Amino acid sequence: MAKTSVKARQRKRERMVDHYAAKREALKQAGDWKSLDELPRNGSKVRLKNRCQLTGRPKGYVRYFGISRVALRDMALNGKIPGLKKASW
């Protein structure tokens, strides 16, 4: 499980990206790179990292479910994800 501070930092970045998205897009369309440089760096979408919604794990992220492979496996084995089961042959 990721540290609480790392998860909080990620949530803060997500809020900043939402807040500055329209302003950044307008400045890009206008070609005003000087003003774009003055905006906070964490307002840029490329600074976001895909993290598990449950544990905050950064690696092994399954985009379709929004959780890590470890959390996906646990939930699937416990029957918490409908229609998903472990393959066996």
Side-chain angles (χ1 to χ4, degrees):
M1 174 146 336
K3 289 171 58 173
T4 307
S5 61
V6 173
K7 293 192 284 187
R9 195 179 324 145
Q10 177 71 8
R11 284 193 303 272
K12 180 181 176 184
R13 283 187 185 132
E14 289 169 358
R15 285 194 307 269
M16 288 187 80
V17 167
D18 291 340
H19 183 263
Y20 286 105
K23 190 171 194 174
R24 290 183 68 83
E25 188 60 35
L27 290 173
K28 283 181 186 178
Q29 294 295 328
D32 190 2
W33 311 118
K34 178 81 170 136
S35 297
L36 193 61
D37 282 343
E38 293 171 359
L39 292 179
R41 287 186 177 180
N42 282 337
S44 176
K45 190 175 179 184
V46 297
R47 305 249 320 185
L48 292 178
K49 174 84 174 141
N50 287 333
R51 288 188 173 270
C52 177
Q53 297 294 319
L54 304 175
T55 62
R57 189 175 202 275
K59 296 181 179 179
Y61 181 79
V62 181
R63 192 177 292 228
Y64 185 80
F65 295 101
I67 56 178
S68 69
R69 63 179 179 79
V70 178
L72 177 69
R73 184 172 190 271
D74 287 342
M75 291 179 73
L77 290 177
N78 292 329
K80 294 183 179 178
I81 300 177
L84 195 65
K85 63 181 181 178
K86 187 175 183 292
S88 60
W89 58 91

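Note: hydrogens, waters and symmetry copies are ignored here, and every other heavy atom, side chains too, is used. Here the structure is a predicted model, which is why all the values come from computation and not from measurement.
The hydrophobic cluster around Leu48 extends to Val17, counting ILVMFWY residues whose side-chain heavy atoms fall within less than 4.5 Å of a member.
The stretch residues 30-43 participates, sequence neighbours left out, in these side-chain hydrogen bond (donor to acceptor under 3.5 Å, both in side chains) pairs: Arg13-Asn42, Asp32-Ser35, Asn42-Arg47. Sorted by first then second residue, the side-chain hydrogen bond (donor to acceptor under 3.5 Å, both in side chains) pairs that include residues 15-29, not counting sequence neighbours, are Glu25-Gln29.
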In a table with atom names and distances, give each donor-acceptor pair under 3.5 Å that connects a side chain of residues 64-87 to protein atoms at least two apart or in another chain.
unit_1	atom_1	unit_2	atom_2	d
Ser68	OG	Ala71	N	3.4
Asn78	ND2	Asp74	O	3.1

Side chains of residues 50-61: which donor-acceptor pairs under 3.5 Å do they make with residues two or more places apart or in other chains?
unit_1	atom_1	unit_2	atom_2	d
Arg51	NH1	Gly56	O	2.6
Thr55	OG1	Arg57	N	3.3
Arg57	NH1	Lys59	O	2.7

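For Ser5, the side-chain contact (heavy atoms from CB on, under 4.5 Å) partners two or more places apart in sequence, or in a different chain, are Lys3, Arg9.
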